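Please read the structure below before turning to the comments.
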Amino acid sequence: MKYYFNEIEKKWQNFWSENQTFKAENNSNKPKFYVLDMFPYPSGAGLHVGHPLGYIASDIYARYKRHKGFNVLHPQGYDSFGLPAEQYAIQTGQHPAKTTEENIRTYRRQLDQIGFSFDWSREVRTSDPQYYKWTQWIFIQLFESFYCKKDNKAKPISDLVTLFEKEGNTNVDAACDDDVIEFLAEDWQRFTDTEQQEILAKYRLTYLSETEVNWCPKLGTVLANDEIVNGVSERGGYPVVRKKMKQWSMRITAYAQRLLDGLNTIDWPQPLKDSQINWIGKSEGASVTFKVMAAEGDVHAEEHVDGIEVFTTRPDTIFGVSFMTLAPEHELVAKITTEEYKEAVLNYIEATAKRSERERMADVKTISGQFTGAYAIHPFTGKPIPIWIGDYVLAGYGTGAVMAVPCGDQRDYDFAKHFDIDIPNIFQDIDISNEAYADKNAVISNSDFLNGLPAKKAIKRAIFELEQRGVGKGKINYRLRDAVFSRQRYWGEPFPVYYKNGLPQMINVKHLPMTLPEVEKYLPTEDGKPPLGNATVWAWDCRTNNVVDNDLIDHENVFPLELNTMPGWAGSSWYFNRYMDANNSTELASKSALNYWRDVDLYIGGSEHATGHLLYARFWQKFLYDRGLVPVDEFAKKLINQGMILGTSAFVYRLEGENKFISSGLVNSQKVQPIHADVSFVNASNELDIEAFKNWRPEFKEAEFIKEEGAFKVSREVEKMSKSKYNVVNPDDICETYGADTLRLYEMFLGPLEQAKPWNTAGITGVHSFLKKLWKLYIKNDEFSVSDEVPTKEELKTLHKTIKKVDDDIANFSFNTSVSSFMIAVNELTAQKCNKRAILEPLAVLISPYAPHIAEELWCKLGHDNSIATAEFPVFDPKNLIESTKTYPISFNGKMRFTMDLSLDLSKEDIEKEVMAHEKTIQQLDGRAPKKVIVIPGKIVNIVG
RNA sequence: GCCUUGGUGGCGGAAUUGGUAGACGCGCUGGAUUCAAAAUCCAGUUCUUUCGAGAGUGUGGGUUCGAUUCCCACCCAAGGUACCA
C-alpha cells in the first residue's frame, strides 16, 4: 500500500471538477466568506514556483472556512489585457487574443494540477467582451458624474446641469479644473451647446485634457508614473520623454481625502497603507499671493501680473521670507523678468532644459539659480522681495513657486548662502549660523503679530491674518495627480466614445460592448496615431448604432471613434465585484448578489500593487458606492501581501582562461569566473551532476572538472528567480516528482507568508516523507485499516494540541508553523503506534486544507462517500490537555540549569521545599544562601543568589 | 535624507501575555538494513570546554528575580519614497 500521489491527485482533481465541489451559491443560510487572489496576467512563460505561494495560502484559508461552516466564494480569473501579448503580436503578427487564449490554457492546466478549490464557473477575463462591456459601462458612468464637495460624493452630471440652469455655478462646490470661470444662470442659457459641453467637461469624473505625459517613443505609448523606474520604462528599459497629448483623465484627486480616510477602516499591512498615504501626499498649509512690484518706469506692471501664488506648509515663517523662487518653467517668468536680466534668465532656462529630469533629480547638491530683476511685495511688511528662478523648485508640485524662508528650510538656506541673500532669523533662541531650523518647536520672533507664539499657534494666526487681508487662505495640497486613462495600445478596452465636432460623445450603454476592431498591424500608425488608427472599420453610425467603415465618416451621421484604449488598471479595478455574479448579461452584477457577498473578506497578493491597482480599485469602488451601484465603499476588509519567493542560484567556477572547472571549496585565491549553472543539475549537498552540466551547452562538453573529496561542489547565492539566472523552478516538475500536496506543504513550510524567502528544492524531501509517514498511519499489515478502539489519553492529547495549534495558526496566517505541528503530530502518533479511527479521521480533516488530495483519499478509504470538503472541522476540547505534573525549569539568576517533574497540586511553599532539597540545587549554590526564590506555580522556579 | 519591515545555528526558520532559546525540516556525522543503490529506520548535531561547566538571539546601555520579547542609543540589510516647499 504505497502512497501513489500522482494517481490520487489526478483522481480527486477530476472528482472536484465533475462534482463542482467548490461551486459557491449566491444564497445560503451559511455565513458568507469571500477569499480572493490577485488574478494573474497570463504570461507566456507560465507559472514558476513563486507564483502559487499566495494562491496556496488563500486556498488553505478558503478550504478551512468551508470546514468551519461558511459559504465560501473563492474565484479565479485572468487580467488578460496587457503589453506582452501585444509586443508578441507586433513581432509575429499573431492576434493577441490567440496568444492570450493559449497562455490561459497553460495557466489553467498548471493551476488545476496544484489542486486549488476555485469556483471556475465564475471565471472572468478582462479581455472578454462580455466582461469589458461593463468596464466600458463604468467609464460612461464616470463621464456622467461629477464630485459634489458639499455632500462629499459623486452625483449625476444632470444634477449639475439643473443647478447651472437655476443659479449658474457661483454656489457650486465641486471638484473641477482650476480654470473654471464663474457664470450665472443667464450666462448658462446663452452658452452654445459646445460651450456648455466644454464647461461640463471640467467637472466630469473622467475628462479629456491636454496633459503632459510620459511618452515612450520606443514602445509608442504613454506610461503611468508607476510604469517608469529611474526615468526609463519598467518594461524594456527604454527612455521616456515628456510630451503634451490629449488624453482621458480620471479625477481621482476628488477622492484624495476619502482614500486617506478609508485606510483607517481596513485591515491592510502598514507598509502598504504608508505607501498609499505617501503617494497621496497630503500637506496642510496656506496659499499666499505675493503681488509683483512694478519695475522702474513700468506703470502697467500690475496689469499684466495678478501676483504669484505660492503654497507653504509654514505660513508661520512668513516674516522670514527674504526671496522667492520660481521654477524655470513657471509661466510668469517671461512676464516679470526685467530687460536687464532677460538674457541671463533665458540662458539659465536653456541650461536647465538641457538637463534631463533624471539628472536634475540625481544632482541635488549643485545649487543654481538666476535673479529675474523683479521684486514681489511682502503681504504683511510691504518690503520688496527679490524674485529668483531656480531648478530646485519643481514646476509640477504646488504652484511651481515658493516663498523662500532660508532660516526655516535647508534648500532655501543653501540657496541664500550660495547667492549671498539675507537670512533673517525669526526663531527665538535658535542658532541658524550653520543650518536652517526646520522643526516646529521654536517660538516665533521678529514677526510682528506672530511674536511669542509657538509654531503651531502661529500657523493658525498667520492663516487668519492672510484671510483677513485677502492675500491668502488655508489650503490643503495633495501630491496625487489625476490619473491619465488613455493608452496608445491595441490590446486593451476600447473607449465607448466617438467624436462630434471634436467633442467626445458617449455611445449609448445599450449598444455595448464596443468590441476591439481588427487591424493589419499592432504598431502605431506612421502619422503617430495609436494602433486602432490602423483599423479600417472603426467609425460610428448614429442612425444604425453600428460600427461602420471609416470611408463613411461624414461628421453628420457617421463619426470617428476614439483610437486610444484603456490602461491595464481599468479591468482590474472592479473585477472583484464581477465574481459575485460573473455571468450576468444585464448588469455588472445583480443587486442581490452584491448585497449578499458585499466585499472581499481576505485579499492576498503582492505589495508591488500598492500605488497602482490597489489605489485605483479603491477609487472606483468609492465611485460605484457613491452612485449606489455597490453596497460598500471599501472592497477588501483584509489584505495580506505574500512575500516573494527568491531563487537559490548555483555557481560553478571556471579557472580564468581555461576550460577547467574547480569545485567551490578549492577556489581560495585563484582567479576564477563564476558561471550560473542550472539548479536542476545540483543535489541537496550542492554537488553538481557533471554529465548533465556537460551536455547542457556545447562549450562545456570537453571541460575538465577538479573535484574535492570525490565530488564537484557548487556555491549558492540567493537572487530573484529569473530565466537568465537558471534558478527558475517549475511547479510542473515538482508535482510530477513529489506531488501537489508536497508542493503546497513545502511552499507553506518555507517560512512566514509575508516574508521574502529563498526556494531550495533540496529541502522538499522533508515534507514529502512527512506525507508518506502520514499515509502509513492508516496502514496495517500492508492493508488500509484502522481500529475502532478507544484512544489513549496521550493520543487524544496529540490530536487536540494539534487542533488548537492549527486553529490559532490559520487565524494568524502562520501557515508554516501548522505544517511543523502536523509533523510533530504524525511523529508522535507513529511513536504511539496509533491506528485508531477516533484519532486518524479528525487528523485527515485537519490536514485537508493543506494537503487536500491525500486527505480526500484517506477520507474515502475511511468509508465516506462524500468529499472531505463537506466535513466539519474537528473541535478542540481543552480537557484533553489537562496535566497533573509539570516539568519545571529550575533556573539560577535567570539561567535554566536543570528540570524537575513536580505535581501541579503542590503549593508554592512545597515546590520551594522540593527544589531546595534537590542535590543539583545544593551543587549549584555551592554553600551560598539564596537571596530570594521565585516560584511561579505551573511555570518556573528561579533562585537568586 | 525620510517612512516601513527585519537582523536568532552551516541553511529555511520556531519561541501566544517577559518565564526551559534553537521546535519542525534541510544539510552534516555515525550506525542498522541492502550484493549494491534508492527508500526506510535509529542516534547525534549552537559555540567554547580542562567534560566540572561556561557563553550565546546585530552592537552598547537600561528596566526586571528573569529579556529573542519592553525602553534608549547606534550599526547593518531589504522594500517604498523624495529638491513635495
Side-chain angles (χ1 to χ4, degrees), chain A residues 2 269-279 281-283 285 310-314 317 325 360-365 367 390-394 396-405 408-412 414-415 438 477-479 607-608 610-611 641 643-644 648 684-686 716 718 745-746 749-752 754-767 769-770 772-773 776 804-805 808-809 812 814 816-824 827 887-899 923-924 930-936 938-945:
Chain A
K2 254 185 83 184
Q270 196 55 44
L272 197 156
K273 286 186 180 185
D274 287 337
S275 51
Q276 291 209 347
I277 290 167
N278 253 321
W279 192 260
K282 179 181 181 176
S283 44
V310 300
F311 174 76
T312 175
T313 53
R314 296 295 303 275
T317 63
T325 315
R360 255 169 88 169
M361 275 201 263
D363 178 21
V364 178
K365 284 180 197 85
I367 295 160
D391 67 1
Y392 80 96
V393 176
L394 304 176
Y397 182 77
T399 60
V402 299
M403 60 175 224
V405 182
D409 182 288
Q410 195 58 44
R411 289 157 302 169
D412 296 343
D414 295 340
F415 195 87
N477 203 43
Y478 295 95
R479 197 180 76 101
S607 58
E608 66 275 18
T611 52
N641 290 130
M644 205 194 318
T648 311
S685 313
N686 291 339
R716 296 284 203 163
V718 173
L745 283 172
Y746 189 54
F749 189 61
L750 281 179
E754 303 191 50
Q755 198 174 297
K757 49 212 169 274
W759 176 274
N760 191 346
T761 307
I764 204 166
T765 53
V767 286
S769 53
F770 154 73
K772 287 196 272 191
K773 277 190 234 168
K776 268 195 200 154
K804 176 151 178 35
K805 180 82 175 118
D808 291 351
D809 283 346
N812 296 319
S814 176
N816 54 326
T817 49
S818 352
V819 179
S820 303
S821 59
F822 289 141
M823 290 175 171
I824 294 168
N827 288 346
T887 305
Y888 279 92
I890 312 301
S891 48
F892 291 80
N893 299 318
K895 277 269 168 206
M896 199 283 284
R897 293 308 176 201
F898 63 94
T899 59
Q923 189 188 344
Q924 275 288 334
K931 280 194 202 120
K932 207 174 182 185
V933 179
I934 312 276
V935 179
I936 316 281
K939 286 224 156 149
I940 198 168
V941 177
N942 190 20
I943 298 163
V944 187

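This structure is a prediction, so every number in the text was calculated from the model and none was measured. Just so it is clear: chains get the letters A, B, ... in the order the sequence lines come, proteins before strands, and each one is counted from 1.
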Mark up nucleotides 12-20 of chain B, 5' to 3', with B wherever a protein heavy atom is under 4.0 angstrom from a base atom, S wherever such an atom reaches only the sugar-phosphate, and - elsewhere.
-> BSS-BB-BB
Would you give a per-nucleotide map of nucleotides 43-62 of chain B, 5' to 3', where B means the base has a protein non-hydrogen atom under 4.0 Å away, S means only the sugar-phosphate does, and - means neither?
-> ----------SSSB------
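Atom P of nucleotide B/rG25 and atom OH of A/Tyr746 are separated by 13 Å, given to the nearest angstrom.
The same atom, P, is picked in B/rC2 and in B/rG54; the two are 44 Å apart, to the nearest Å. B/rU81 and B/rA73 have their P atoms separated by 27 Å, given to the nearest Å. Taking atom P in both B/rU50 and B/rG12, one finds a spacing of 31 Å when rounded to whole Å. B/rG58 and B/rG7 have their P atoms separated by 8 Å, with the value rounded to a whole Å.
Under the salt bridge (Lys or Arg N to Asp or Glu O under 4.0 Å) criterion, A/Lys804 pairs with A/Asp808, not counting sequence neighbours. Shown here are the side-chain contact (heavy atoms from CB on, under 4.5 Å) partners of A/Thr648, two or more places apart in sequence or in another chain: A/Arg716, A/Pro758, A/Asn760.
Checked against B/rC3, B/rU81, B/rC41, the side chain of A/Asp274 finds its nearest nucleotide in B/rC3.
In this structure, A/Phe898 and A/Phe892 have side chains that are in contact, with non-hydrogen atoms separated by less than 4.5 Å.
In B/rG9 the O4'-C1'-N dihedral to the base is within 90° of 0, which defines a syn nucleotide. Base orientation for B/rG44: anti, the chi torsion being more than 90° from 0.
In this structure, a donor-acceptor pair under 3.5 Å is absent between the side chains of A/Asp414 and A/Tyr392.
Every stem involving RNA chain B, taken as at least 3 paired positions in a row under the Watson-Crick or G-U wobble test at 3.5 Å, is listed here: B:1-7 with B:75-81, B:10-12 with B:24-26, B:27-32 with B:40-45, B:46-48 with B:53-55, B:58-62 with B:70-74.
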I'd like a list of close polar pairs between nucleotides 27-31 of chain B and the protein, N/O only, cut-off under 3.5 Å.
residue, atom, partner, partner atom, Å
B/rG27, O3', A/Ser685, OG, 3.4
B/rC28, OP1, A/Ser685, OG, 2.4

